[in-house]
Structure formats: structure tokens, C-alpha cells
Amino acid sequence: MTDRYEPGGIEPKWQARWEADQLYRAPDRHERPKFFFLTMYPYPSGDLHIGHWYAEAPADARARYLRMRGYNVLFPIGFDAFGLPAENAAIRDGIHPYVRTRQNIERMRTQFRAMGACFDWSREVVTCEPEYYRWNQWFFLRLYQAGLAYRARAAVDWCPKCNTTLAREQVWGDDRRCERCGTPVIRKELDQWFFRITKYADELLDFSRIDWPERVVTMQRNWIGRSEGAEIDFMLDAPALEGERISVFTTRPDTVFGVTFMVLAPEHPLVARLTTPDRRAEVESYVTEATRRTEVERQSAEREKTGVFTGSYCVNPYNGERVPVWVGDYVLMTYGTGAVMGVPAHDERDLVFAHRYGLPVRCVVAPPDWDGGEPAEAYVDPGRMVNSAQFDGLPNDEGKRAVTEWGERQGFARPRVTYRLRDWLISRQRYWGTPIPILYCDACGAVPVPESDLPVLLPEDAQFLPTGESPLKYHDGFRKTRCPRCGRPAERETDTMDTFVDSSWYQYRYLSPHDDDAPFDPELGRYWLPVDVYTGGIEHATMHLLYTRFFTKAIRDLGLTTNDEPVLRLFNQGIILGPDGQKMSKSRGNVVNPDDQVAKYGADAVRSYLMFIGPWDEGGPFSMRGIEGVSRWLNRVWNLVLDTPELPAHGDEATERDLLRAVHKTIRRVTDDLERFRFNTMIAALMEYTNALQKVREVRAVSLAKWNDAARTLLLLTAPAAPHATEELWARLGLPYSVHQQSWPEYDPTLAADEILAVAVQVNGKTRGRIEVSVDADQDTVSRQALASDAIRGWIDGREVRRVVYVRGRLVNIVVQ
RNA sequence: GCCGGGGUGGCGGAACUGGCAGACGCGGCAGACUUAAAAUCUGCGGCCGGAAGGCAUGCGGGUUCGAAUCCCGCCCCCGGCACCA
């Protein structure tokens, strides 16, 4: 018997050898075509969990495959090293974030090496190092100069547990919780820095240049939330407010003749002045009540729509009608103009409101079979306009444009597009992030730090105290400085940047990670960019993946790149669950530790098993039995390759042809599956091929030469999934190092094609038997053969054959009376 | 409510463009090897039925020679958006 397969012995050996030989360095200039394969870089939590393996191992297999296909593959790795956990840990146990983060990274590097991943470590980026984050500051200054970064006072979301503000994208769910810790957020009025992502709203809605999953595209579309409509001005008809107006945004200008009331958000600036003395007490108490309610309460659709009349009226410019102005907390100050025209006949919410307060309902878009009265339910479908003066009879979708145009000519309406998307709030009231390169001078105001003074270093001697406030606020050495304009004392901004700023451009830094002159070398950008394939979890669909698209467009406009999009193709892997089918968590006790699995079965088995589990984008439960099955397969491959049978010099011709067919079919299947990220069926194909080789070996009817070719093909095709075992076997066969530098096998379609096919014979669509036919047999031949076969005769005897359908190579269907 | 994805054996899953449903793996059963066990190898495995045969891809219809796949109407699960005017 040959040596047993012992991954624990061979895996570290090859990892060291590959590293020493710099096998996976991606040269910057090369005659081969480039392929930039990016995976989402991890946060250095200090332990590589099974989710990291699931994200990286199948991606690594595909990167290896692309190398064998002849691409110059850039497959980099780095660490998303700023962020809250390290800072919280510092407050808890006094270890400085730098120290802990660097320790964590060191440990994870070791674990990544044990995976056998073919990363080009020479390009590693670590975002908490000044050589990285100085470029965050540099980009910030450029965006500031271009008017794409600005400071504003606004009501923003604050996480009371993380003690910082959050971007809209980081507030999740209908109960508005912090994306990181799940704590419900609260509103705070603060001065904060923003990136003007809304400037790119329309361009971000254009997905025509990229091949991204429908799911992500939809989520981004929803998030941006573009709606087209009109803004219409209603003049106020109140003694003290002569000449002032309320503007509303509506997507239904065609219903403007149906307006029977107006509703303002409680925060609307006109509310106080509009309120008549007799209504004041009631309105004021309503407004106070509304502002006291939480955001979640306010936005709950189930809540009853309440409101209060201000006592004032405005005038519908289209028909001159006086319309009462109400205040209602279902109207949001943060969307549109903070005022809504009430058209109860054609809007469900307005109808509820009108019924509650006895306001009139006037139908202006006729439902089919309209009786001239008011509809019982809000009618929102298409129809012809009625009760609408000169627009009567017009289909309402045309009416939208006609009404807006007419109002525009009169000067009280204009087309308008509104977005749900808000500018990206990047200020964080925390230490462990990139300092925002701004200082405040009493004389000059907010002053950008000159580029030549970058980086603004994060002071390492900060105090981490459980006060909830950033240590930078109390660090005089950091805070106190001089104004570069006037030389007088000034104070630095103590907020740091959202870590999503780091990840918005890290792919570019991989090109020249130690470049001191620029964030990345534009020359290299011309070769490597854009990213060809990006893989990672779906959870970043509207955060990171939206921000990085914005960033690329913004720096394109700054002249730093010519690409419109950062990533051509996106693929989202799913989530690995515990063996019980539940999300892995320490409290459930269902966590699978990859290090344990590697110790037991080897990295190759863990990699292959993760690929075999199911479709990569679906994830699924980790099965302890399942990984044993894959481990058994690798053992079979091992024994099959090393235990070469006694074989004749000349084999049996038919058996050899069958073997060759299996070889070429398998190459085709494995290649197609890798192209489509179908790793599960790729492993299944390799298993089938292994089983076929085992059968051939038992028969001993092929020549040694043919056998060797078949066995080598097995190693080449398995190399991406199980890089160590295949390297070892390749070496033991005496073949030249390295299996990973061999060319990917090509398949020949003619050799993969069958000559004799087993065809199912159906009678009236039910399979009753099967026959063997040659590939090129025509329908006549096949149907004659089918009708004559014993298994079929009993089913058709005495019945009239009405029709015979032959699907080449698949089946014959005999249709009888 | 709107949008996207899904529902297939005991389990994970497979099935090109409408063409033999259940590849591959797990578990199970039977056998070989072994004093025995483990490991390994071989065979059998959708359900009902002794068999013939029938029934089967969430449910109900339809189109078709033929439907897991296409169409219509539902149910359930996952994710996103949602008082957004």
C-alpha cells in the first residue's frame, strides 16, 4: 500500500514553498491579459471564522483557475482595520487599538496562509496605517475643493450605544436600529460633514455598464428612490402672509383639481405664522406632541392619521379655490418640501384623513363605469380626467405633463425629481478612524489642512475612558494647533471618518500600496482597472457598494481615473449556517471553528467541502458528515493517483475511447462550472470522474499512457479546489513544479461527444423502455427501432400510432390513440 | 402594499434552451474483507403496492406529443423598500 493521505504533513510544506518562490506575485506589466479579482477585505477581528473561509476559499479556487487559463491575476488581500470594536476593547481592557489591531492582523495572516489562498501578500493594505489613511484625507481635501464635501447642521441619526452619528444607510429596519449593534437610533441636531452623493443620484441609477445581481441593483434603485413629479406653489390667503406661498411636491399633478386640503409637516417653518389666534393653543400642543414622538412611531403606517386645522387657507392656482391648511404628522419634513396637497379621491392616506375630519372628496380621474360621485376607495389607476376644467377628457398620464407645463407657463409649477437618497454623513465621534483634515479658526472659520501637512496623524497617546466621548476631544496636543491661513490659534476637527470611506477606494490602493506620491499609480490603473470580479456578502448592497460606485464617479470627475464604475461583475456568496441550520452564534453553541476542521481533515477538505455544500450564492448549513464525505473523496483521489495499477501496453480500444470521452466531458463541466461560480457541481463532476477512473482501474483495459493522462487531468482540474494535495501528488508523479503553473486542460468537443446514445422511449409521455441509437440516426431510423423494441410493443399493440416525436439523443415519444 | 429571490427524496442538493426527475454527497439497508470493530470496497435506496401498475418537484387550473421548467390564480418562507406625497 502507498503512503496514506496526511494533509497535516503536506499542507504547511507547500505553503512555505509557494511563499518562498513568490508563486502568486502579480507582475505589474505582463504580456498576458490582466484579471483583477477582488474579494471584500475583512475586518481584523482576530480570528478567521468559517464565514471568512466561505468568502475566500471558493474565490481563491476561481483565481487559481484563471491563472491556469493564462491570465495575469491580481488577487489581493488587506484589512479593514479602523472601526469600533478595537476602540471599545481599548476602553474595556486598556489595550491600545493599534496594538490589538496589529496583533489581530498578524494572527489572521497566519490563518489565511493555512487556507492555502493564493493572495499576493506584497500588495496587502492595512487601512489604519498612516500610509493608507493619509490618502483618505487627501481625497477628502480634493472632494472639499470640488464642493463634494461640505459641513452642515442637520438632524442626524445617533447610536446611543456606539456614541456616534451614523449615515442613513447604517440605520436598518422599520424600527431604525444601528446596523452594527442593533440599538435603536435617536435624532440629534449636529454639525456634521457630508459627501455629496446625491449629485450622482441619476448616474448611480444607471446600471447598464455593470453585470451585478438583480437583487443588488433593485436594492440600490429602491434606496436611491427616484420619483418624478412636479412642484406646485399655493399662494397663502392669510392676512399676515400676503405674497407668501406653500410649495408642494407631488407625483400626481394630474389630480391637482381634486385638492381639498393642504397638510404641512409639524416642523414646517410656516406653521407658526399660519396659525390663527383661535387655533393657536390646539396647533401648538399638537406640534409639541408630534415632536415628542419617536421617529419610529411617527413613521409607522399603521398609526392613525391625525392633524389639526391652522385656521388659514391657501389658493389652488389651477382653479382659484380656497383650500384649508392643516398640520399633520404623517407628513415628513425630510422628504419633498414638507408639505402635501390633499387629494382624497386619489390617495389612500389623504382619503383616510379626509374621512376622519369631514373634508370633501372630489373625483378628478374617472374610474371605469364612474357614476359621477365620489369613489368609495381612493382610485389610483389610470383614467380620464374630469372636474378639471380645460384638462377634462385627457388620459391622466398625459395630464401629468400637461398640467405641469400649463402651470410652468403661468409661473407657479415646475417639473421636479425627488430622491430618497440623502448625502452621505461621514463624521464619526470616535477615535479609531481617519481624522478629518479640517481645523477651525475664529477668524477664518473652517480651514482645510494644506495637502503638504498630511497626514494628520492619530495621536497614539490618547486616553481611552468610558465617558462615551472621543479621546481626541480631550487630547490638547492633537486638538490645539495654528491656523495655516492667519497663524492664530485654531482647533482641529475631532471627528473621524466613517470607515466606509476607507473601503470606498481600497481596491485602487492594491495597485501601489506603498506609493508616497499618490493614492495609486494612474499608469498601473490603466493596466489593472477596473475590477473584473468582486465577491462578498450581500449586506453591503446599499452601503459599501453604493459608496464605492459614488467614489469612483467622484474621483473620475477629479481626473484621477477614467472609469465610470469600480467593478464590472459582482457576485454575492451566501452565509454558512451552523449544523442545526441556524445562524452560527456562541450563545447557540453551533459555531464551527475552521481551525479545528483543518486540523482534522486538512485545508483542502475544508475548501472543497465549502464549495460542495450547494450554490455559492445560497450558503447553507455546515454538516459534519458532509465534510467527511469530501475528505473521503480526497483520499480516493490520493490512492487512485499513487496506486498505479498494472496495465497493458495496449488497452482495449472501446474502453480507452470511453475514458477519453470522460476526460473531455469532465474538463468541459469543470470549466463551465468555474466560469459560472457553480462550485458545487464542479466538485460533483470531479467526484464522478474519480469514480469513473476507479472503475477503469479495476477493469485494467487501458494502456499506461492513457491512464497517466487521465490521472494528470484529474490533478489539474482538482488543483484549484485542493491546491496542496494536488501539488504533492503532482510532485510524487515526478512532474515538473508547480501544478499551479500548468496550463488549464482544453477540451475537444468531438472527443467529448457520445457516439451511441441511450434514448428513452415514451408512450404518451410515459417512459416505458430505452433503446440505444447512434448519434447521427435520423427520426425514421430511431422510431422504427423504438416501435420494434420488445418493451414497447405491449404498449402499442392494437392501437393506432398517431405521431412519433424524436428529440435527438434524448427520447422518443410515441403518441397512440 | 410594492420589488427581488425561493419552495424538488430521510438530509445538503442536481436537472442544457420545455425532453428519461432525484446527478454528486450524507444517512439508511444488504454484502465482501476482518476473530471482531473501525477503515475500505461492492450492491440497493422517491412514495404506495406482493406484483402488474399507479402516484410524485408548495396548492389549483391551463398550454403542449411532453412541464420542476412556460402561462393564469393562490399558499408559505427569505431579503429589500414602504404614511416618501
Side-chain angles (χ1 to χ4, degrees), chain A residues 1 4 172-174 213-227 229 248-252 255 263 265 298-305 328-332 334-343 346-350 352-353 418-420 538-539 541-542 574 577 579 581 608-609 612-615 617-618 620-630 632-633 635-636 639 669 672 678 680-691 694-695 698 758-770 802-816:
Chain A
M1 193 57 201
R4 286 190 41 202
W172 282 19
D174 45 9
E214 188 59 37
R215 232 180 353 159
V216 176
V217 169
T218 305
M219 281 162 84
Q220 294 205 345
R221 273 214 186 94
N222 282 345
W223 189 258
I224 295 164
R226 181 181 206 271
S227 22
V248 297
F249 171 71
T250 179
T251 54
R252 298 293 308 276
T255 65
V263 191
R298 277 280 298 274
Q299 295 199 4
S300 160
E302 284 90 62
R303 218 169 60 81
E304 287 213 46
K305 283 163 192 51
D329 69 0
Y330 76 94
V331 177
L332 307 175
T334 48
Y335 185 80
T337 61
V340 166
M341 62 184 209
V343 187
H346 306 289
D347 184 284
E348 217 176 293
R349 297 153 300 179
D350 294 348
V352 171
F353 194 82
T418 302
Y419 302 90
R420 216 183 74 95
I538 185 80
E539 64 274 17
T542 55
L577 306 170
S608 304
Y609 173 62
F612 184 61
I613 270 182
D617 52 344
E618 285 174 26
F622 189 102
S623 154
M624 297 302 182
R625 298 276 195 190
I627 189 170
E628 275 180 43
V630 171
R632 284 203 278 257
W633 164 62
N635 270 289
R636 287 209 303 280
N639 295 328
R669 283 177 68 185
D672 287 355
R678 299 297 296 260
N680 55 330
T681 47
M682 171 191 83
I683 301 287
L686 291 170
M687 287 174 168
E688 279 184 65
Y689 181 55
T690 308
N691 295 344
Q694 257 175 343
K695 289 230 163 71
E698 273 159 42
V759 168
V761 183
Q762 300 185 330
V763 178
N764 287 350
K766 299 210 186 235
T767 305
R768 300 299 182 186
R770 60 204 65 216
R802 308 185 62 136
R803 187 173 166 186
V804 177
V805 182
Y806 175 49
V807 182
R808 224 184 118 228
R810 299 260 175 206
L811 55 75
V812 188
N813 190 11
I814 300 165
V815 185
V816 297

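For the numbers below, each heavy atom of this structure counts, side chains included, while hydrogens, waters and symmetry mates do not. Just so we're on the same page: letters track the sequence lines, and every chain starts at 1.
Using C1' as the reference atom, B:G22 and B:A14 are 7 Å apart when rounded to the nearest Å. Comparing the same atom, C1', in B:G28 and in B:C76 gives a spacing of 30 Å after rounding to whole Å. Only the C1' atoms considered, B:C74 is 32 Å distant from B:A85, to the nearest whole Å. Spacing between B:G12 and B:C65 at atom C1', rounded to whole Å, works out to 36 Å. Distance check on atom C1': B:A23 versus B:G46 gives 15 Å, rounded to whole Å. Spacing between B:A51 and B:C41 at atom P, rounded to whole Å, works out to 31 Å. To the nearest whole angstrom, the two C1' atoms, one in B:C44 and one in B:G9, are 15 Å apart. B:G79 and B:C24 have their C1' atoms separated by 29 Å, given to the nearest Å.
Residue contacts for A:R768: at a heavy-atom cut-off of 4.0 Å it reaches the sugar-phosphate backbone alone, with no base atom in range. Across all strands, A:V340 comes closer than 4.0 Å to base atoms (heavy-atom distances). Within the nucleic acid shown, A:T542 has no heavy atom closer than 4.0 Å to any nucleic acid atom. In this structure, A:W223 reaches the sugar-phosphate backbone alone: every heavy-atom distance under 4.0 Å involves primed, P, OP1 or OP2 atoms, never a base. Among the atoms of the strands shown, none is found under 4.0 Å from any heavy atom of A:R221. Within the 4.0 angstrom heavy-atom criterion, no nucleotide atom of any strand lies near A:A685.
Of all the heavy atoms in A:I613 and A:P621, the pair that sits closest is CD1-O, 3.7 Å. Between A:T767 and A:A760, the closest heavy-atom pair is CG2-CB, 4.1 Å. Considering every non-hydrogen atom in both A:V759 and A:L811, the closest pair reads CG1-CA, 3.4 Å.
Side-chain atoms of A:Y609 come within 3.5 Å of backbone atoms of A:S623 as a donor-acceptor pair (strictly under, hydrogens ignored). A:N764 places a side-chain N or O within 3.5 Å of a backbone atom of A:V816 that can act as its donor or acceptor partner.
One can place CZ of A:R632 at 8 Å from C1' of B:C26, the figure rounded to the nearest angstrom. A:I224 has its CD1 atom 23 Å from the P atom of B:C2, to the nearest Å. Rounding to whole angstrom units, CZ of residue A:R636 and P of B:C24 are separated by 11 Å. Here the C1' atom of nucleotide B:G25 and the CH2 atom of A:W633 are 12 Å apart, to the nearest Å. In this structure, CD of A:E628 is placed 11 Å from C1' of B:G27, rounded to the nearest angstrom. Between the CD atom of A:E348 and the P atom of B:C2 there is a distance of 11 Å, rounded to whole Å. Distance, A:M341 CE to B:C83 C1': 16 Å, rounded to whole Å. In this entry the distance linking CD1 of A:I814 with C1' of B:C20 reads 14 Å, nearest Å.
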Tell me, with the steps shown, if A:R4 and A:N635 meet side-chain hydrogen bond (donor to acceptor under 3.5 Å, both in side chains). CA-CA 8 Å; A:R4 286 190 41 202; A:N635 270 289; 5.9 Å; no
Walk me through it: do A:Y330 and A:F353 pass the test side-chain contact (heavy atoms from CB on, under 4.5 Å)? CA-CA 10 Å; A:Y330 76 94; A:F353 194 82; 3.5 Å; yes
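By the neighbour-count criterion of 12 heavy atoms within 6.0 Å, atom CZ of A:R226 is densely surrounded, having more than that number from other residues, nucleotides or ligands. Residue-environment remark: CD (A:Q694) exceeds the threshold of 12 foreign heavy atoms within 6.0 Å.
B:G10 has its base anti relative to the sugar, with a glycosidic angle deviating from 0 by more than 90°. Applying the 90° cutoff around 0 to the glycosidic angle, B:G25 is assigned anti.
B:U35 makes up no base pair with any nucleotide shown, lacking Watson-Crick or G-U wobble contacts both under 3.5 Å. For B:C55, the paired base is B:G46 (Watson-Crick or G-U wobble, both distances below 3.5 Å). Under the Watson-Crick or G-U wobble criterion, with both distances below 3.5 Å, B:G22 is left unpaired in every strand shown. Nucleotide B:G1 forms a pair with B:C81, judged by Watson-Crick or G-U wobble geometry with both contacts under 3.5 Å.
For the OP1/OP2 pair of B:G5 and a distance below 4.0 Å, the side-chain nitrogens and oxygens of A:R215 include no atom meeting the criterion. Distances shorter than 4.0 Å separate none of the side-chain N or O atoms of A:N635 from OP1 or OP2 on B:A39. Residue A:K766 places at least one side-chain N or O closer than 4.0 Å to OP1 or OP2 of B:C55. Within the structure, every side-chain polar atom (N or O) of A:R770 is placed at least 4.0 Å from both OP1 and OP2 of B:C20.
Comparing A:G626 and A:S227 along RNA chain B, the residue whose closest nucleotide (by nearest heavy atom) sits nearer the 5' end is A:G626. Nearest-nucleotide positions on RNA chain B for A:V815 and A:A684 put A:A684 closer to the 5' end.
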Would you mind building the protein contact string for nucleotides 10-17 of chain B? One character per nucleotide, 5' to 3', B for base within reach (heavy atoms under 4.0 Å), S for sugar-phosphate only, - for untouched. --BSSSB-
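Here the side chain of A:L811 is nearest to one of B:C3, B:C20, B:C81, namely B:C20. Comparing B:A21, B:G19, B:A85 by their closest approach to the side chain of A:N813 singles out B:G19. Looking at the side chain of A:R625, the nearest of the listed nucleotides B:C20, B:A85, B:C26 is B:C26.
Not a single donor-acceptor pair, N or O on each side, falls under 3.5 Å between the base of B:C81 and the side chain of A:N222.
Summarising the geometry, atom CD belonging to A:E304 is positioned 11.5 Å from atom CG belonging to A:D329; distances are rounded to the nearest 0.5 Å.
The side-chain heavy atoms of A:M341 and A:T255, taken from C-beta on, include a pair separated by under 4.5 Å.
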